[in-house]
Amino acid sequence: MNTKMILDIDTGIDDAMAIAYAVSDPQIDLIGVIGSYGNIKAKLAARNSIQILDLLEENNVPVFIGTENPIDHTYKREPINSQIHGENGIGDVELPLPVREVREENAVDFILDSAKKYKDQLTIVATGPMTNLALAIKKDIKTMQEIGNITIMGGAITVPGNVTPVSEANINQDPKSADILFKSDLNITMVGLDVTLRTLLTKKETSQWRELGEAGTKFADIVDYYINCYDDIYPELGGCSLHDPLAVGVAVNPNFVSMIDLNVMVTTENDAFYGRTIGDKARLNDSTTNVKVAVNVDKDYYLETFMNNFNQLFQKVK
Ligand code: RIB
Ligand code: CA
């Protein structure tokens with residue numbers, strides 16, 4: 001049976017690839033997308049999500065607008081570097097104007113209603129801040145506990161952060177929400193910088209999409225913008241990180257990565273370590289753990305699957 005999936009994302013170039021991965025994978029039934037703040041404002045993330053879905057001929061996937069601010073309204077988060085995703089979040093590439101509206105229902109209620117409906121068949125993949133998830137947990141933890149799995153792109157356990165020396169961007173946007181999520185005892189998979197910085201895409205791959213019609217060409221334009229930024233900011237990597245699409249892949253195929261079991265927390269007290277993901281000392285001796293942390297990746301296997309899925313998708317939609 002297919003996995004029912006909700007994407008909670010700050011669309012964003014790698015988030016756009018996460019949508020395409022979800023649409024392209026035959027094991028996934030994408031039931032909704034929530035636009036989150038982060039790379040851009042939540043409203044724009046929702047609009048970008050509609051444009052990307054429509055480009056991929058997925059006009060029936062509903063899109064919601066999530067919350068616009070961290071759970072702690074006094075928290076002054078680091079500004080996002082708009083250079084990475086462009087002013088419009090999708091590499092300043094123009095896509096046709098959306099011909100449909102975002103849904104009016106509250107995004108947190110959509111999460112809870114879906115959890116009630118699909119229970120353990122539901123997987124939520126969050127590739128932006130974890131605020132909507134934390135709000136859903138605060139509203140109805142029992143319903144949230146019925147969800148099969150929550151996979152996040154976020155955090156860094158074995159490598160430095162990308163916003164501060166210890167903090168990854170999605171966690172840094174709202175450390176308190178991420179801490180609530182990790183300590184909730186829900187079944188969580190953490191796909192952090194530990195593995196996403198090793199999973200790279202280059203123009204060698206995106207040039208193949210240009211042969212496959214309008215959708216492939218637009219995606220190549222969007223992703224090449226991101227690759228150019230990575231070349232400027234992280235020349236040592238030799239490509240752009242597939243942060244968010246890797247999280248979607250791992251959510252349905254854990255064999256892309258190897259994982260350790262750990263009770264994770266986020267440091268929310270000490271300025272120098274604010275937003276760090278680390279093992280929770282208070283739960284070190286617990287007999288159970290609720291987070292699987294990806295620490296190694298079979299990048300060749302993932303990239304081959306990613307390219308097969310994307311090539312087939314772009315060929316299909318033209
Ligand atoms: O740290 C990488 C993450 O931050 C990705 O999800 C990217 O899209 C940004 O949200
Ligand atoms: Ca993202």
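Residue indices begin at 1 and follow the sequence shown. Every number for a ligand or one of its atoms is a count from 1 in the order of the listing.
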* Asked: So does K299 have more than 12 non-hydrogen atoms from other groups sitting under 6.0 Å from NZ?
  ->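 It does not: K299 NZ has 12 such atoms or fewer within range.
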* Excluding sequence neighbours, so at least two apart, what forms side-chain contact (heavy atoms from CB on, under 4.5 Å) with Q121? ->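 Expected list: M1, K4, Y118.
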* Between the side chains of T127 and D14, is a donor N or O closer than 3.5 angstrom to an acceptor N or O? -> no
* For residues S167 and N172, is any side-chain donor paired with an opposing acceptor at under 3.5 Å? -> yes
So that I can tick it off, tell me whether [Y] and [X] are bridged by a salt bridge, with the cut-off set at under 4.0 angstrom between side-chain N and carboxylate O.
{"X": "R210", "Y": "D221", "answer": "yes"}
{"X": "K203", "Y": "D224", "answer": "no"}
{"X": "D179", "Y": "K183", "answer": "yes"}

* To do: Measure from the Ca ion (ligand 2) to every N/O/S atom of D244 and report the name of the nearest one.
  =>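 This turns out to be OD2.
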* Using heavy atoms and a cut-off under 4.0 Å, could you grab the residues that are in contact with ligand 1, chain by chain, numbers ascending? =>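 Within the 4.0 Å shell of ligand 1, which is judged on heavy atoms, sit D10, D14, D15, N39, H85, T127, M153, N162, E168, A169, N170, H243, D244.
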* **Angular separation of D15 OD2 and D10 OD1 about the Ca ion (ligand 2), given to 10°** => 70°
* How about T127: does one of its N, O or S atoms come closer than 3.0 Å to the Ca ion (ligand 2)? -> yes
